[in-house]
A.B. asks: 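One structure is given below, represented as structure tokens, and several questions about it will come after.
FYI, side chains are in, hydrogens and waters are out, and symmetry mates aren't considered; it's all heavy atoms of this structure.
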Amino acid sequence: MAGTAADVARIAKAEVGYREGFANGHWNNKQKYSGAVPGLEWSDYQAWCCTFTSWAFQQAGIAKGSYPVTASCAMATTWWKQAGRWSEYPAIGAQVMFGPGGGSHTGIVIGYDATTITTIEGNTNTSGSAEGDGVYRKVRQRRDAYVYGYGYPSYPGGIKSADPDWKNPTTIEEDPMAGMTKQDVFDAVWKTDAIAAPTDAADIKTNKNWQPQSILRDLQGRIRSMDKRLAAQTAAITALAKLAGGGADTKAIVAAVEKAIENAVIEVNINTNPEA
């Protein structure tokens, strides 16, 4: 079965963090991708951003002949245009070309919105250089002059594109989980500051939006507080019942109830781990 845009995104994302060779105090463009792509073995120790995209398409099982196999960004740009699969709009799984004539740098688009594109790029760095040290996930402005255009591989069923004039062979539905890893899901659920903090939170003035884990911690604290009050009330009622049945005077009953509440709160504090 031919690979999809989701397969390309998944494979590219899994490479984030990979670094090229380092010797004599310098990054040297030695990497694993050239030797794994038939015909590009010669490109080891050369600029490898385009080799990386060829490798990703190959690893995803994209049909041969539906993407360029080259180490040259300029040649890749020409290939896409001659194949009639070129657009000025981003698409999931597209090869984005950067710089004058698309000849400076390249990467794979894994997401986009009205103003930005999210890419996986080889041979770059944290600043987005075209001559970097590894594979990075980047967010770039769609209308940045550095973004030249996009090549669309021929995916089964088509490609999700922002191009209003692009025609897919069939209508496809967007897969909201396309290219997502388990870590992406975890981060989206547990590390997103999208939940309004309780109005009575101690840090409400400085931390108005909480991550879900903050909500759980707050909830645990409130439950412990309820446990203390419930234990105190239960102890008070029990003591009151015992004294009332024994004919004790009012002052003795009040004193016994107060003591029972104090002891119950102390016991709950001792037996409950506040950091659990």
A.B. asks: Quick check against the 3.5 Å criterion: does E121 have a side-chain atom that pairs as donor or acceptor with the backbone of G107?
C.D. replies: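 Absent.
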A.B. asks: Taking side chain as C-beta onward, heavy atoms only, is P90 less than 4.5 Å from R142?
C.D. replies: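 Of all side-chain heavy-atom pairs linking R142 with P90, at least one is under 4.5 Å.
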A.B. asks: Under 6.0 Å between the ring centres of F98 and Y148?
C.D. replies: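 For F98 and Y148, the ring centres are not under 6.0 Å apart.
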A.B. asks: Would N168 and I159 count as a side chain to side chain contact (heavy atoms under 4.5 Å, CB included) if you check the C-alpha gap in whole Å, the side-chain angles of each, and the deciding distance to 0.1 Å?
C.D. replies: CA-CA 7 Å; N168 282 310; I159 191 169; 3.7 Å; yes
A.B. asks: Do S54 and T51 have side-chain heavy atoms sitting under 4.5 Å apart?
C.D. replies: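 No, every pair of side-chain atoms sits at 4.5 Å or beyond.
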A.B. asks: Please work out whether the ring planes of Y18 and Y33 are parallel, tilted or perpendicular, with thresholds of 30° and 60°.
C.D. replies: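 Judged by the thresholds at 30° and 60°, the geometry between Y18 and Y33 is perpendicular.
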A.B. asks: May I ask you to decide if the ring planes of F57 and Y67 are parallel, tilted or perpendicular, using 30° and 60° as cut-offs?
C.D. replies: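 Tilted: the ring planes of F57 and Y67 meet at 30° to 60°.
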A.B. asks: Can you measure from CE (M97) to NZ (K81) and round to the nearest 0.5 angstrom?
C.D. replies: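 Atom-to-atom, M97:CE and K81:NZ are 10.0 Å apart.
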A.B. asks: For the residue pair S104 and C73, establish whether any side-chain heavy-atom pair is separated by less than 4.5 Å.
C.D. replies: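 S104 does not reach C73 side chain to side chain.
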A.B. asks: Below 4.5 Å, heavy atoms only, C-beta onward: do T126 and Y136 meet side chain to side chain?
C.D. replies: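 T126 reaches Y136 side chain to side chain.
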A.B. asks: Minimum heavy-atom separation for I92 and A5, please, with both atom names.
C.D. replies: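 Minimum heavy-atom contact is O-CB, 3.5 Å.
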A.B. asks: Quick one: pull up CD in Q141 and CD1 in I117 and give me the separation to the nearest 0.5 Å.
C.D. replies: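 Going from CD on Q141 over to CD1 on I117, the span is 9.0 Å.
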A.B. asks: Determine the minimum heavy-atom distance between G102 and T77, stating which atoms define it.
C.D. replies: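 Nearest pair, atom of G102 first, then T77: O-OG1, 3.1 Å.
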A.B. asks: Taking all non-hydrogen atoms of both residues into account, name the closest pair between V96 and I108 and its distance.
C.D. replies: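 Closest heavy-atom pair between V96 and I108: CG1-N, 4.4 Å.
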A.B. asks: Does some side-chain heavy atom of N123 sit less than 4.5 Å from a side-chain heavy atom of N29?
C.D. replies: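 Counting from C-beta outward, N29 and N123 do come under 4.5 Å.
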A.B. asks: Mind listing the closest non-hydrogen atom pair of A12 and I120 along with its distance?
C.D. replies: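 Looks like O-CG2, 3.3 Å.
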A.B. asks: Could you tell me if S43 and S34 have a donor-acceptor pair between their side chains, going purely by distance under 3.5 Å?
C.D. replies: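 Per modelled atom types, S34 and S43 side chains form a pair under 3.5 Å.
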A.B. asks: Looking at every heavy atom in both Q58 and A36, which two are closest together, and how far apart are they?
C.D. replies: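 Closest pair (atom of Q58, atom of A36, distance): NE2-O, 2.9 Å.
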A.B. asks: Do the ring centers of Y152 and W166 come within less than 6.0 Å of each other?
C.D. replies: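 Ring centroids of Y152 and W166 are less than 6.0 Å from each other.
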A.B. asks: With the side chain counted from C-beta on, respond yes when T124 and H105 share a heavy-atom pair under 4.5 Å apart, and no when they do not.
C.D. replies: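 Yes, at least one pair of side-chain atoms sits under 4.5 Å.
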A.B. asks: Answer with yes or no whether the side chains of Q31 and D44 bring together a donor and an acceptor at under 3.5 Å.
C.D. replies: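 Distance-only check passes for D44 and Q31.
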A.B. asks: Are R85 and S154 side-chain neighbours, meaning at least one heavy-atom pair lies under 4.5 Å?
C.D. replies: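 In short, these two side chains touch, coming nearer than 4.5 Å.
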A.B. asks: Do the side chain of D113 and the main chain of T116 share a donor and acceptor less than 3.5 angstrom apart?
C.D. replies: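 At least one qualifying donor-acceptor pair exists.
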A.B. asks: How are the rings of F52 and W55 set relative to one another: parallel (under 30°), tilted (30 to 60°) or perpendicular (over 60°)?
C.D. replies: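 Rings of F52 and W55: parallel, under 30°.
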A.B. asks: Just so I know, are the side chains of W27 and N125 near enough to count as touching, which here means a heavy-atom distance under 4.5 Å?
C.D. replies: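 A side-chain contact under 4.5 Å is absent here.
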A.B. asks: Any Lys/Arg nitrogen of E15 or R137 sitting under 4.0 Å from an Asp/Glu carboxylate oxygen of the other?
C.D. replies: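 No.
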A.B. asks: Verify whether the ring centers belonging to Y112 and Y150 lie closer than 6.0 Å.
C.D. replies: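 Centroid distance Y112-Y150: not below 6.0 Å, so no.
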